[in-house]
Number of protein chains: 2
Amino acid sequence: MTDQVDRIIEQWHREKPGLDVSPMAVIGRLSRTALTVESRLVDTFVQHQLDASSFDVLATLLRSGAPYRISPMELAREAMISTSAVAQRLNRLESRGLVAREPNPNDGRGTLVVLTDTGKVMIEKALPDHLETERAILSTLSRAEQSTLAILLSRIENAASS
Amino acid sequence: MTDQVDRIIEQWHREKPGLDVSPMAVIGRLSRTALTVESRLVDTFVQHQLDASSFDVLATLLRSGAPYRISPMELAREAMISTSAVAQRLNRLESRGLVAREPNPNDGRGTLVVLTDTGKVMIEKALPDHLETERAILSTLSRAEQSTLAILLSRIENAASS
DNA sequence: ATGATTTAACTAAGCACTTAGCTACACTGG
DNA sequence: CCAGTGTAGCTAAGTGCTTAGTTAAATCAT
């Protein structure tokens with residue numbers, strides 16, 4: 001089973017025979033696999049009138065538990081995006097009535113983002129379908145392989161961030 | 001070693017005890033790891049006055065071998081982006097003199113993108129540093145683990161694309 | 001042959017992110 | 001106290017992608 005990354009590595013061997021391009025076999029696949037998987041997940045989001053970033057915000061609020069209130073800062077950390085991007089996501093979600101902004105009673109600068117009832121219904125409908133899509137993609141791996149993959153990925157992430 | 005994804009899964013267990021969220025352990029880490037790794041790679045590109053997308057185009061041309069000429073269509077396929085995005089990347093690279101466009105002698109509609117001498121020097125300087133960065137990130141894994149990871153990723157990509 | 005369809009490459013417009021810069025509030029040291 | 005510094009959240013401007021639409025050439029069907 002030869003894939004696109006295999007072909008890329010063959011090309012490098014032909015053009016730069018001395019160069020060890022083996023890291024590309026891992027990191028090239030990492031990027032491409034993430035892209036492919038994400039594009040597959042979007043289909044499920046779209047069926048629920050969501051996109052990946054909206055799903056992300058609503059799911060973060062839901063899993064935070066009642067009373068489903070967190071700060072924009074916290075949302076930015078969880079989603080690995082800027083607080084500015086969060087503000088823009090919230091503008092979109094707020095205009096659809098899926099979240100609301102409230103002043104933070106403990107900090108006059110702060111805001112708390114609340115999941116509305118509409119938003120909660122929406123994310124609770126989408127979540128099981130999303131998990132089903134993820135399960136379908138992963139069904140190609142055994143439980144043990146899935147857990148190996150998770151461990152290897154977390155070691156890489158750790159190495160890349162430090 | 002508990003990371004962000006571990007914490008997310010704990011939250012889900014608390015909020016939705018019945019739900020099997022184990023797929024998130026894999027797919028959540030996949031996205032986050034890819035993001036983290038890519039942001040690390042950018043540092044090396046910047047040191048060579050490049051960004052990820054420019055590096056991608058120049059590297060694709062280089063590994064295609066002499067005479068370093070390929071079509072925009074081919075570039076789009078390799079980079080997993082639209083031909084429109086390729087046209088815009090080429091506008092930027094052409095204005096910097098790193099690639100040039102030539103008419104395709106075999107197809108009046110077509111264009112061939114050529115790596116200029118300047119572009120070739122640039123990518124050949126950046127490439128070893130880029131590989132060194134990738135190697136540094138991967139040094140946390142043994143050879144065997146790297147190869148396991150590559151195989152598991154390619155199986156996932158295959159499952160997600162079909 | 002030639003009209004209809006497909007393909008390659010591009011520009012234009014829209015979208016979601018980034019960084020930079022703003023305002024308002026919180027905290028801290030003298 | 002309160003002046004100076006730091007922090008939270010926002011808008012504005014810039015970037016690089018997407019989709020939609022354009023042009024011109026190739027291919028295909030009769």
Side-chain angles (χ1 to χ4, degrees), chain A residues 31-32 34-36 38-43 45-46 49-58 60-61 69-96 98-114, chain B residues 31-32 34-36 38-43 45-46 49-58 60-61 69-96 98-114:
Chain A
S31 309
R32 299 178 92 86
L35 265 180
T36 305
E38 277 156 26
S39 93
R40 174 76 174 275
L41 298 181
V42 166
D43 301 343
F45 298 145
V46 167
Q49 290 84 48
L50 291 170
D51 55 25
S53 63
S54 296
F55 181 92
D56 193 30
V57 171
L58 299 179
T60 303
L61 283 163
R69 271 173 180 73
I70 50 187
S71 69
M73 280 294 284
E74 182 64 18
L75 283 169
R77 253 193 307 277
E78 301 252 0
M80 300 174 80
I81 56 173
S82 63
T83 57
S84 162
V86 169
Q88 294 170 63
R89 287 184 179 187
L90 294 178
N91 290 344
R92 296 191 288 272
L93 288 167
E94 198 175 30
S95 74
R96 293 178 62 191
L98 303 178
V99 306
R101 282 171 166 115
E102 296 181 351
N104 185 335
N106 303 318
D107 187 336
R109 296 164 301 181
T111 298
L112 287 178
V113 182
V114 200
Chain B
S31 310
R32 299 177 93 85
L35 265 182
T36 305
E38 276 156 26
S39 93
R40 174 75 175 276
L41 298 181
V42 166
D43 301 344
F45 298 145
V46 167
Q49 290 84 50
L50 291 170
D51 55 25
S53 63
S54 297
F55 180 92
D56 192 29
V57 171
L58 298 181
T60 303
L61 283 163
R69 270 171 180 75
I70 51 188
S71 70
M73 279 295 283
E74 182 65 18
L75 284 168
R77 253 194 309 275
E78 302 253 358
M80 301 174 78
I81 57 173
S82 63
T83 57
S84 161
V86 169
Q88 293 170 64
R89 287 183 178 189
L90 294 178
N91 290 344
R92 296 191 287 274
L93 288 168
E94 197 174 31
S95 75
R96 294 178 62 192
L98 302 178
V99 306
R101 284 172 166 115
E102 297 180 351
N104 185 335
N106 303 319
D107 187 336
R109 296 164 301 182
T111 298
L112 287 178
V113 182
V114 200

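As a whole-Å value, the separation of A/Phe45 CZ from C/dA16 P is 15 Å. The CD atom of A/Glu94 sits 12 Å away from the C1' atom of D/dC10 (whole-angstrom rounding). When the C1' atom of C/dA8 is taken as reference, atom CD of B/Glu102 falls 17 Å away, rounded to whole Å. Rounded to whole Å, atom P of C/dC15 lies 15 Å from atom CG of A/Leu93. Taking atom CG of residue A/Asn106 and atom C1' of nucleotide C/dA24, one finds them 17 Å apart after rounding to whole Å. Per the geometry, CE belonging to A/Met73 stands 18 Å off P belonging to C/dC25, to the nearest Å. The distance between atom CZ of A/Arg109 and atom C1' of C/dA26, rounded to the nearest whole Å, is 4 Å. One interatomic measurement links the two molecules: CD of A/Glu74 to P of D/dG9, which rounds to 10 Å at whole-angstrom precision.
No hydrogens or angles were tested; on distance alone, nothing pairs the side chain of B/Ser82 with the base of D/dT19 as donor and acceptor under 3.5 Å.
Proximity note for A/Gln88 (side chain, C-beta onward) versus C/dA8, C/dT18, C/dA9: the nearest is C/dT18. Nearest nucleotide to the B/Ser53 side chain, out of D/dG9, C/dC10, D/dC17: D/dC17. Closest to the B/Ala87 side chain, of the nucleotides C/dT18, D/dC10, C/dC10, is C/dC10. Nearest nucleotide to the side chain of B/Ser84, out of D/dG6, C/dA8, C/dA12: C/dA12. Which of C/dT18, D/dA25, C/dA9 sits closest to the side chain of B/Asp107 comes down to D/dA25. Closest to the side chain of B/Asp51, out of D/dG16, D/dT7, C/dT11, is D/dG16. Each of D/dC17, C/dA16, D/dT11 was ranked by its minimum atom distance to the side chain of A/Asn91; first place goes to D/dT11.
Comparing A/Gly108 and A/Val86 by the nucleotide of DNA chain C that holds the closest heavy atom to each, the one mapping nearer the 5' end is A/Val86.
For the residue pair A/Ala34 and B/Ala34, the shortest heavy atom distance occurs at CB-CB, 3.6 Å. In terms of heavy-atom proximity, A/Leu50 sits nearest to A/Phe55 at CD1-CD1, 4.3 Å.
Within the 3.5 Å criterion, the main-chain N or O of A/Arg101 finds a donor-acceptor partner in the side chain of A/Glu94.
Two residues are said to be in side-chain contact when any heavy atoms from C-beta on lie closer than 4.5 Å; A/Ser39 and A/Val42 fail this criterion.
Of the residues A/Leu75, A/Asp56, A/Val113, the one that meets the side-chain contact (heavy atoms from CB on, under 4.5 Å) test with A/Arg89 is A/Asp56.
Taking only side-chain nitrogens and oxygens, B/Arg92 comes nearer than 4.0 Å to OP1 or OP2 of D/dC17.
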